[in-house]
Each structure stands twice: as structure tokens, then as C-alpha cells.
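What you are looking at is a predicted structure, and each value in this text was computed from that prediction instead of being measured. Note that the numbering runs from 1 along the sequence shown for the chain.
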Amino acid sequence: MYHDIRPGKTWYDTDGKRIQAHGGSIIVADGIYYWYGENKEGVTGYATGERAPVWHHGVSMYSSRDLCNWKNEGIIMRESEDPEDPFYPNNIMDRPHIIYCEKTGKYQMWSKCTGTDFNAAFFAICESECVTGPYRYVKKEPCTPYHVGDFDLVKEDGRAYAIFENPHDKMICATLNDTYDGLTGEMTEHLPRPFPPFTREAPAYFRRGEDRFLLTSGTTGYFPNPSEVCRISAFHGAWEDLGDPCIDDTAENSFCAQFSSVFHHPEIPDLYIALGDRWLTDLSYKMPDIRDAYRLLFDPSIGKLPEGFRFEDYSDCNTGEADYVWLPIRFREDGTPYIEWVDRWSPEDFRKTDGETVK
């Protein structure tokens, strides 16, 4: 039994098995926390010499009452045996997000899927009457003229939005319809960047009072890189870059992680948790400047990669062995958010006692 959260340490469920909920998020239903994400069990990357053809084994879910101990609720969206199905295990399926629609009484699960053509990525929409599934695939939702990268789903003030990367270019904010199973066509562009590693991906939205924020990552594949946070005045309005929220992050790599979502605790008002994956646990001791390598890869005018350079030489990318980095987001007196490393912590540390927070 766990009594706290230990960022970067291998996390096991209540059956003693490694948790498989990558690119994950948390949804609350009937007072229970449900953590769900990509099931990467057995995805071995380059460990066998060539990249494993399997990308995922569906979407898995875990339940908890304390955010520390998690019971395996099984696979809520199963992989398909049809190569044309978005959930075929050889096809890319990332970042599932679940949103509840009061109007229909259904849980809608959106995922980023590409099939075999990365340049034609789309949303795959599934639904279920129960948060724990099973979910059924309903339809493909393209985002013409854009294609879908990492994304977050936001439900706020009776409206819902998808915030997604148009790889490798900019962020897009798109309004969902009132049944949360499609887009209205209202879309705006934000945070333009010239190319990776500068392009922003892995958007993670959170709101504190009247302040809206978006946490994003640079783009260097599975290799970790610096985060940025911006303040959102309106979903289809101005977004202000506030810089890197990670303090004392000496390696400038978001504590060797990439955040996929932010969870606002429903009972501890000022506890916001950045949920991240430590995708690579086997990074080479002698790492090159990966960000510089991506600059050279996407802009040959500034130089060339060394002859024989291969990104896979520095990690096997065994995502089935990825760990999790969950860290509390703190706030300065002016309300700007920041994230600092802690070796272990508990949500109970943030409950108020006699009008004061413990931490």
C-alpha cells in the first residue's frame, strides 16, 4: 500500500502489476478517481533491434479513492483486429480524453489517431454510458484544414473545447458541439512556432479562479524537453506566454518527463497536479543536445546532423516500461504557476488545517 506519490518511481497497481495508463488523465465519478491512458504493456521500442510494430493495446483504466493506490479496472477500449480501425494496435493511438455530457448521459472518449498516415491524423470518438466502459468506436472526426497532434479536452461553463497541436506548426482551439461528439467548425490558431523543437505539443489545460492556463511541451519525440505555460484570456482570444514553469530544472527537460494533463482536486481547492510520463528510462549517459539535433533535422539550412546520427542510439524507447512523474503545481503571489521537484508527496499535504495549508 502506498502512502504517498513518488515521482519517477515505478508505480504498481493493487495487484502488484506495473500501471499502464500513459498519456493519461483523471476523471471523477461518484467520488471515485479514475485514471486512464494508453496501455503500452509489452511495447518494446527498439529493444529487439528494430522498432516494435505495436503502438498500443487499447485504453486502460484504474480507480482510486486517495490518488496513491490504484485498482485495475481493465481495458475500457479494446484494440481492434481490423487494420483499418483506429484502434488496431499497429496504428498510432494517443492521449485518450474522456468528457461527460449531461445532455446525453454519455461519456465521450476522444483519442488522437493516425492509422498508417501520420499526415492525416484525426480524432477517433468513442462513447459509453458508464465511465468504466466498455467504450465503442463511433466515428472519425477530421479537423480540416488541420490534422491532429497531442490534445486536451476542456469542459467549462457549459461549453467544451479541444485544444490540439497541428504538427509541427501551432496550437488550435476548436469548439465542440453540445453533445460533445463532434466539432462545430469554430477554430482559432495560437502559439505559432517555426518547427521542432520549438513547436508546442502535449497541451494540458487548467483553471484557477478566473485565470486560465495551458501547460505545453516542446517537440522532440519521446525525448524530454522544457515545458512552457501560457495564460489564456479566452479560448478563442489572446494567449500569453509565461515561460518555463519548472524551477531548478537544471537539465531543462521538465524533470525528465512530459506532462499530459493537469488534474484539479475536487476536495482540495488549491491542489493542481501535473500528470506526466517519464517516457524514456534508459537514456544514454552521453546524451547529445537533442533539441539541437531536432533543429538540424527540421531546418537543414542551419547545418547537418553528423553522419550516421540515429536518435534510437540514445534510447530503446521501450514505452511499456515508462514511469510517471506527478508533481503539484504551486502559485506565486501574482498567481503565476510553477512546478518544483519533490521526491515524494501526498495530496493530504495540501489540505487546510486551521485556515492554513500544510505546505
Side-chain angles (χ1 to χ4, degrees), residues 1-14 19 21 23-37 61-71 97-98 152 154-156 202-217 227-232 242-249 254-278 323-359:
M1 180 175 182
Y2 294 104
H3 299 286
D4 51 25
I5 293 169
R6 298 177 290 176
K9 300 294 185 183
T10 301
W11 209 341
Y12 300 96
D13 65 21
T14 54
I19 293 174
S25 297
I26 296 174
I27 187 171
V28 182
D30 298 323
I32 300 174
Y33 308 116
Y34 292 97
W35 174 16
Y36 59 91
M61 177 175 276
Y62 298 80
S63 63
S64 175
R65 291 188 178 274
D66 61 7
L67 297 176
C68 298
N69 299 280
W70 295 91
K71 175 187 175 183
H97 288 282
I98 297 173
D152 198 1
V154 179
K155 178 182 173 184
E156 189 173 286
Y205 174 86
F206 59 106
R207 177 176 178 173
R208 183 178 187 247
E210 295 304 310
D211 290 327
R212 299 179 177 93
F213 299 102
L214 189 72
L215 185 63
T216 63
S217 166
S227 294
E228 289 182 10
V229 68
C230 68
R231 179 184 281 113
I232 296 177
L242 300 178
D244 190 343
C246 298
I247 63 173
D248 299 324
D249 178 25
S254 307
F255 308 113
C256 201
Q258 184 186 62
F259 302 111
S260 60
S261 64
V262 174
F263 176 65
H264 183 200
H265 199 291
E267 299 175 0
I268 308 177
D270 218 29
L271 177 54
Y272 296 77
I273 307 172
L275 311 183
D277 295 90
R278 180 165 288 173
D323 292 319
Y324 305 97
V325 174
W326 287 17
L327 292 168
I329 299 176
R330 304 172 191 270
F331 298 89
R332 300 181 180 88
E333 289 186 4
D334 65 0
T336 57
Y338 68 95
I339 303 171
E340 62 182 349
W341 179 263
V342 286
D343 290 322
R344 56 200 310 159
W345 66 278
S346 168
E348 296 305 310
D349 298 338
F350 292 82
R351 288 193 186 275
K352 290 185 177 181
T353 302
D354 296 329
E356 298 293 334
T357 55
V358 177
K359 284 194 177 181

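In terms of heavy atoms, His97 sits closest to Ser260 at CE1-O, 4.2 Å. Closest non-hydrogen pair, Trp326 versus Ile273, comes out as CB-CG2, 4.1 Å. The two atoms that bring Ile329 and Phe331 nearest to each other are O-CE1, 3.7 Å, heavy atoms only. Minimum heavy-atom separation, Cys68 to Trp11: O-NE1, 3.1 Å. Smallest separation of non-hydrogen atoms from Ala204 and Ser261: CB-CA, 3.5 Å. Listed here is the closest heavy atom pair of Lys71 and Thr14: CA-OG1, 3.5 Å.
With hydrogens and angles ignored, the 3.5 Å screen pairs a side-chain donor or acceptor of Arg207 with a backbone N or O of Gly209. Remark: the backbone N or O of Phe255 is paired with a side-chain donor or acceptor of Arg278 at under 3.5 angstrom. The closest donor-acceptor contact from the side chain of Asp13 to the backbone of Ile19 lies at 3.5 Å or more, if one exists at all. His264 contributes a side-chain N or O that, together with a main-chain N or O of Pro269, makes up a donor-acceptor pair within less than 3.5 Å. Remark: side-chain polar atoms of Thr10 are not paired, donor with acceptor, to backbone N or O of Asp323 under 3.5 angstrom. Between the side chain of Ser254 and the main chain of Ser227, a donor-acceptor pair closer than 3.5 Å is present. Between the side chain of Tyr272 and the backbone N or O of Pro337 there is no donor-acceptor pair closer than 3.5 Å.
Note that the CG atom of Asp248 and the OH atom of Tyr338 stand 10.5 Å from one another [nearest 0.5 Å]. Atom CG of residue Asp270 and atom CZ of residue Phe350 lie 9.0 Å apart, to the nearest 0.5 angstrom. Between Asp244 atom CG and Asp249 atom CG the span is 6.0 Å, to the nearest 0.5 Å. In this structure, Lys9 NZ and Asp4 CG are separated by 11.5 Å, a value rounded to the nearest 0.5 Å. Distance CG/Leu271 to CZ/Arg351: 9.0 Å, rounded to 0.5 Å. We find the CD-SG distance between Glu228 and Cys246 to be 11.0 Å, quoted to the nearest 0.5 Å.
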key: Steps toward side chain to side chain contact (heavy atoms under 4.5 Å, CB included) verdict (Arg65, Ile32)   = CA-CA 6 Å; Arg65 291 188 178 274; Ile32 300 174; 3.6 Å; yes
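Side chains of Asp66 and Tyr2 form no contact here, defined as non-hydrogen atoms less than 4.5 Å apart. For the pair Tyr205/Glu156, a side-chain contact is recorded, criterion being any heavy-atom separation below 4.5 Å from C-beta on. At a threshold of 4.5 Å between non-hydrogen side-chain atoms, the residues Ile247 and Arg330 do not count as touching. Within the 4.5 Å cutoff, no side-chain heavy atoms of Cys230 are placed close to those of Thr216. Using a 4.5 Å heavy-atom threshold, the side chains of Phe263 and Leu67 count as touching. Annotation: side chain of Thr336 is in contact with side chain of Arg231 (closest heavy-atom distance under 4.5 Å).
Checked against the 6.0 Å centroid threshold, Trp35 and Tyr324 count as a close aromatic pair.
Ser64 and Asn69 are not linked by any side-chain donor-acceptor pair at a separation below 3.5 angstrom, with hydrogens and angles left out of the test.
Few gaps surround CG on Asp334; more than 12 heavy atoms of other groups in view lie less than 6.0 Å from it.
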